[in-house]
2 protein chains.
Amino acid sequence: MVQIPKTPGPSSPAPRPVPTSADVARLAGVSRATVSYVLNNTTSVRISEPTRRRVHEAAKELGYVPHAAARSLRAGHSRLVLMPAPDFPVGPLYSRFISELQWALGRLDYTVVQFGSVGLHGDEAVRAWAELRPVAVLVPGAGLGPQGVEVLKGSGARAVVTLGSEPVDGAHALLMDHEAVGHCAGSHLHDRGRRRIGVVVPREHGLESFSLPRLKGVRDALHGTTATLTELPLAYAEDSAARLAASWRDLDLDAVFAYNDEYAMLLMRALQDEGVRVPEEVAVIGADDLMLGRLLRPRLSTVHIELPSGRDLAELVDRAVRDPAAAPETHKVLGATVIHRDSS
Amino acid sequence: MVQIPKTPGPSSPAPRPVPTSADVARLAGVSRATVSYVLNNTTSVRISEPTRRRVHEAAKELGYVPHAAARSLRAGHSRLVLMPAPDFPVGPLYSRFISELQWALGRLDYTVVQFGSVGLHGDEAVRAWAELRPVAVLVPGAGLGPQGVEVLKGSGARAVVTLGSEPVDGAHALLMDHEAVGHCAGSHLHDRGRRRIGVVVPREHGLESFSLPRLKGVRDALHGTTATLTELPLAYAEDSAARLAASWRDLDLDAVFAYNDEYAMLLMRALQDEGVRVPEEVAVIGADDLMLGRLLRPRLSTVHIELPSGRDLAELVDRAVRDPAAAPETHKVLGATVIHRDSS
DNA sequence: TTGAAAGCGGTACCAC
DNA sequence: GTGGTACCGCTTTCAA
């Protein structure tokens with residue numbers, strides 16, 4: 001910790017200027033071109049060993065770090081892969097996926113950056129991304145229309161990949177088929193003889209792009225049957241769950257799909273506290289197959305979700321970048337399978 | 001981008017070149033300077049209304065988006081705040097914190113970016129960050145030494161803030177006092193008459209910078225008492241917990257601090273399955289005060305953690321950026337308080 | 001009110 | 001083997 005005699009008013013020790021390749025060149029007694037050759041190990045040009053050393057020493061002495069912006073400006077492209085940072089609490093599933101993806105893209109020599117577009121909406125956000133001239137953009141959820149894709153491509157993005165419920169014109173799509181999740185759950189409950197089915201819809205903002213398709217999936221699964229579907233808005237808080245549980249008998253439901261395992265845990269606890277027996281009186285099923293479901297009693301039935309591997313997605317991105325003209329691929333990912341445990 | 005007649009391979013629609021301000025100028029029939037003035041609403045210069053319109057129309061027609069790199073290159077600085085993307089599964093606490101921070105920094109007109117440095121280590125990672133010439137860098141956990149701070153500052157970063165257990169020379173520090181968390185838990189257990197205390201240490205990688213200080217905190221709390229401390233390595237998986245529970249009677253412990261609520265839930269379930277009664281035979285306390293702890297039976301005692309508000313941290317960053325010469329601030333954040341429920 | 005031109009930091013072509 | 005230099009896209013004096 002440097003002990004700076006803090007004078008009033010900010011600013012005294014003129015922040016030393018950041019060293020440039022010109023500084024390195026000067027110190028090494030060579031030209032900027034030579035510096036560039038040496039530091040980039042350019043193979044198409046031979047530089048004598050003594051010169052190399054001098055350059056390296058000068059660079060180290062000055063603490064020289066190249067300027068990425070200048071470099072990519074000159075190069076006319078970057079290897080930047082951009083994804084908006086999620087602004088809602090992401091589950092362990094998603095964070096693992098992101099990590100894996102970053103790792104895989106890193107291996108392919110891309111630089112992955114999560115851009116915090118909190119507060120920006122739609123077009124604004126898209127423009128902000130485009131300003132960074134990413135070579136590829138990965139967009140989870142909705143929030144990107146065909147015109148957004150156009151803006152990105154128009155600004156040099158060679159690949160736009162959406163991870164969402166439905167494809168967007170012009171973009172590659174990883175279809176996370178959340179409807180299938182709901183469909184699985186709905187069918188499962190119906191198969192087990194349940195006919196008055198509730199579906200939890202989180203009140204939390206940002207989850208709509210998951211919860212609505214899941215809801216629709218249940219609706220579809222029940223379509224043409226005698227079963228009824230009741231939407232159950234629920235905030236992720238004990239009091240909200242308690243209120244819902246208190247009115248449970250009136251609702252007259254014999255099963256509930258709880259959006260995911262966390263909401264299921266919340267609701268199940270409230271129901272049990274209310275004396276409602278699971279699964280006898282009401283079957284409960286969650287989704288995401290989180291650890292906590294296995295730890296509950298009764299063990300929580302759930303819909304297991306198979307996310308695409310980060311490696312696969314990284315390869316899709318790479319393929320798309322190498323051949324931007326290729327037709328957008330649309331992959332159905334996210335295999336949904338019911339894991340039947342004790343709560344349903 | 002020049003249209004290279006690329007032989008076979010897919011690729012036909014030569015990717016149209018990205019429009020520049022020069023293109024806009026040409027189309028609008030004005031100079032690049034004028035384009036810049038208009039699009040940036042430069043106040044120090046008057047541009048006639050008709051000209052403004054022509055420029056705006058041309059920009060829209062071409063789908064012009066300015067080039068952030070070129071802009072900040074010219075400007076000599078950016079408003080980029082960089083933080084490494086966590087490469088371990090983050091809890092809800094941390095994700096909320098990040099979101100809030102991004103929002104707050106966004107309000108102050110910074111651009112927040114999480115940089116995926118997965119795979120890069122120490123100096124490499126620091127250099128990669130420095131290449132982006134961020135105006136500020138926020139580094140959680142360890143993994144940044146004084147020399148790293150020097151590299152960042154030497155490359156123009158006006159503020160380096162660490163969020164960790166201990167301060168780093170030259171950087172502002174938000175001291176997340178995880179030792180205090182352990183200390184709280186340890187004291188609490190001791191106060192309640194427990195003397196043979198186990199401490200869960202997650203086997204998962206990336207958690208050391210939290211788990212080790214927490215462990216040390218317990219050790220300190222117990223120092224000078226007659227109580228014993230036993231480290232309990234535990235992976236976040238049922239079988240690992242089952243093994244630990246199976247050997248429980250041999251361990252002869254009457255209390256355990258389970259690192260956090262999730263590990264506590266895992267362990268508590270395994271213990272209960274093994275017939276070990278909580279809290280009669282063994283008191284259990286977690287940390288982080290997650291929702292799930294309130295939903296368990298017995299309700300889980302926990303250490304509540306008060307993270308700094310995103311707004312406060314954003315203001316610290318802003319202050320530091322405006323006055324880089326000021327002495328690094330060191331803040332103890334993260335108030336730890338025991339929430340006594342039924343498991344201890 | 002507008003335009004010409006310098007220059008931010010690197011890279012890569014061409015000449016010596 | 002090395003150096004000179006044009007240029008990437010944008011902002012900002014300075015002149016006109």
Side-chain angles (χ1 to χ4, degrees), chain A residues 17-55 58-59 62-80 127 130-133 135 154-156, chain B residues 1-2 17-55 58-59 62-80 127 130-133 135 154-156:
Chain A
V18 178
T20 72
S21 78
D23 297 320
V24 176
R26 212 155 15 237
L27 181 57
V30 299
S31 73
R32 299 196 302 146
T34 306
V35 170
S36 176
Y37 294 141
V38 171
L39 297 183
N40 294 308
N41 273 314
T42 308
T43 49
S44 68
V45 94
R46 322 264 74 141
I47 302 286
S48 73
E49 211 37 62
T51 306
R52 301 189 94 83
R53 259 214 338 279
R54 293 219 314 284
V55 169
L62 294 176
Y64 170 72
V65 176
H67 192 306
R71 183 191 304 230
S72 75
L73 179 57
R74 171 64 227 225
H77 63 246
S78 70
R79 299 202 43 96
L80 179 72
R127 277 185 64 94
E131 291 191 2
L132 298 181
R133 297 288 192 273
V135 69
S155 72
Chain B
M1 198 168 286
V2 192
V18 178
T20 72
S21 79
D23 297 320
V24 177
R26 213 158 11 240
L27 182 57
V30 299
S31 75
R32 296 163 55 212
T34 306
V35 170
S36 178
Y37 292 142
V38 171
L39 297 183
N40 293 311
N41 272 315
T42 308
T43 50
S44 68
V45 92
R46 273 24 338 207
I47 301 287
S48 71
E49 209 38 61
T51 307
R52 301 188 94 83
R53 257 214 339 279
R54 292 219 314 285
V55 169
L62 293 176
Y64 170 72
V65 176
H67 191 306
R71 184 192 303 232
S72 73
L73 181 58
R74 168 65 224 227
H77 62 240
S78 71
R79 301 209 33 104
L80 179 71
R127 277 185 64 94
E131 291 191 2
L132 298 181
R133 297 287 191 274
V135 68
S155 72

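Computation of the quantities below employed the complete heavy-atom set of this structure, encompassing side-chain atoms and omitting hydrogens, waters and symmetry-equivalent molecules. What you see is a predicted model; the values in this text were computed from it and never measured. So you know, we letter chains A, B, ... as the sequences are listed, proteins then strands, and number each from 1.
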Next item on the list: Name every residue in residues 21-28 of chain A that has at least one heavy atom under 4.0 Å from any atom of DNA chain C, in order of residue number, or write none if there are no such residues.
Entry: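 Per residue number, the list reads A:Ser21.
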Going by side chain to side chain contact (heavy atoms under 4.5 Å, CB included), name the residues that satisfy it together with [X], two or more places apart in sequence or in a different chain.
| X | result |
| --- | --- |
| B:Leu73 | A:His67, A:Ala70, A:Leu73 |
| B:Arg53 | B:Glu57 |
| A:Thr20 | A:Ala22, A:Asp23 |
| A:Arg74 | none |

Taking only residues two or more places apart in sequence or in another chain, which ones pass side-chain hydrogen bond (donor to acceptor under 3.5 Å, both in side chains) with [X]?
| X | value |
| --- | --- |
| A:Thr42 | none |
| A:Ser78 | none |
| B:Arg52 | B:Asn41 |
| A:Thr34 | A:Ser31 |

Between protein and nucleic acid, restricted to nucleotides 12-16 of chain C and to nitrogen or oxygen atoms under 3.5 Å apart, what atom pairs and distances do you find?
residue: C:dC13; atom: N4; partner: A:Tyr37; partner atom: OH; Å: 2.3

Next item on the list: Let me know, please, whether B:Val30 or B:Gly76 comes out on the 5' side of the other along DNA chain C by nearest nucleotide.
Entry: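 Here B:Val30 is the residue nearer the 5' end.
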Checklist line | Comparing A:Ala70 and B:Ser48 on DNA chain C - which has the more 5′ nearest nucleotide | finding: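 Closer to the 5' end of DNA chain C: B:Ser48.
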Check: In Å and rounded to the nearest 0.5 Å, what is the CZ to CZ distance from A:Arg26 to A:Arg32?
Finding: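 Separation between the atoms: 9.5 Å.
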Next item on the list: Nearest 0.5 Å please: distance from the OH atom of A:Tyr37 over to the CZ atom of A:Arg46.
Entry: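 Spacing of OH (A:Tyr37) from CZ (A:Arg46) equals 13.0 Å.
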Check the distance between [N]'s [atom2] and [X]'s [atom1] and give it to me in whole angstrom.
| X | N | atom1 | atom2 | answer |
| --- | --- | --- | --- | --- |
| B:Glu49 | C:dT2 | CD | P | 10 Å |
| A:Leu73 | C:dG7 | CG | C1' | 12 Å |
| A:Tyr64 | C:dT11 | OH | C1' | 10 Å |

Notebook entry, point to check: Would a 4.5 Å heavy-atom cut-off, applied to side chains only, mark B:Ser72 and B:Arg79 as touching?
Noted result: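 They are not in contact (no side-chain heavy atoms under 4.5 Å apart), so the answer is no.
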Check: Any side-chain heavy atom of B:Ser36 within less than 4.5 Å of one from B:Arg71?
Finding: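 Sidechains of B:Arg71 and B:Ser36: no contact.
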If you look at every strand shown and take non-hydrogen atoms under 4.0 Å, does [X] touch a base, only sugar-phosphate, or nothing?
| X | value |
| --- | --- |
| B:Val38 | nothing |
| B:Thr51 | sugar-phosphate |
| B:Arg133 | sugar-phosphate |
| A:Arg71 | sugar-phosphate |

Check: Between which nucleotides of DNA chain D, read 5' to 3', does contact with chain B run, using atoms under 4.0 Å from its heavy atoms?
Finding: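 Both ends considered, the range comes out as D:dG9 to D:dT13.
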Checklist line | Smallest separation among heavy atoms of A:Leu39 and A:Ala59, with atom names | finding: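 For A:Leu39 and A:Ala59, the tightest heavy-atom pair comes out as CD2-CB, 4.4 Å.
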Next item on the list: Tell me which of B:His67 and A:Arg46 sits closer to the 5' end of DNA chain D, going by the nucleotide each one is nearest to.
Entry: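 Counting from the 5' end, the first nearest nucleotide belongs to A:Arg46.
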Item checked: Inter-axis angle, terminal five-pair segments of the helix from C:dT1-D:dA16 to C:dC16-D:dG1 [nearest 10°] ->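 Answer for the end axes of this duplex: 50°.
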Next item on the list: Indicate yes or no for a side-chain donor-acceptor contact from A:Arg54 to the backbone of A:Leu27 under 3.5 Å, with no hydrogens or angles considered.
Entry: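 Side chain of A:Arg54 to backbone of A:Leu27, a donor-acceptor pair under 3.5 Å: no, none is there.
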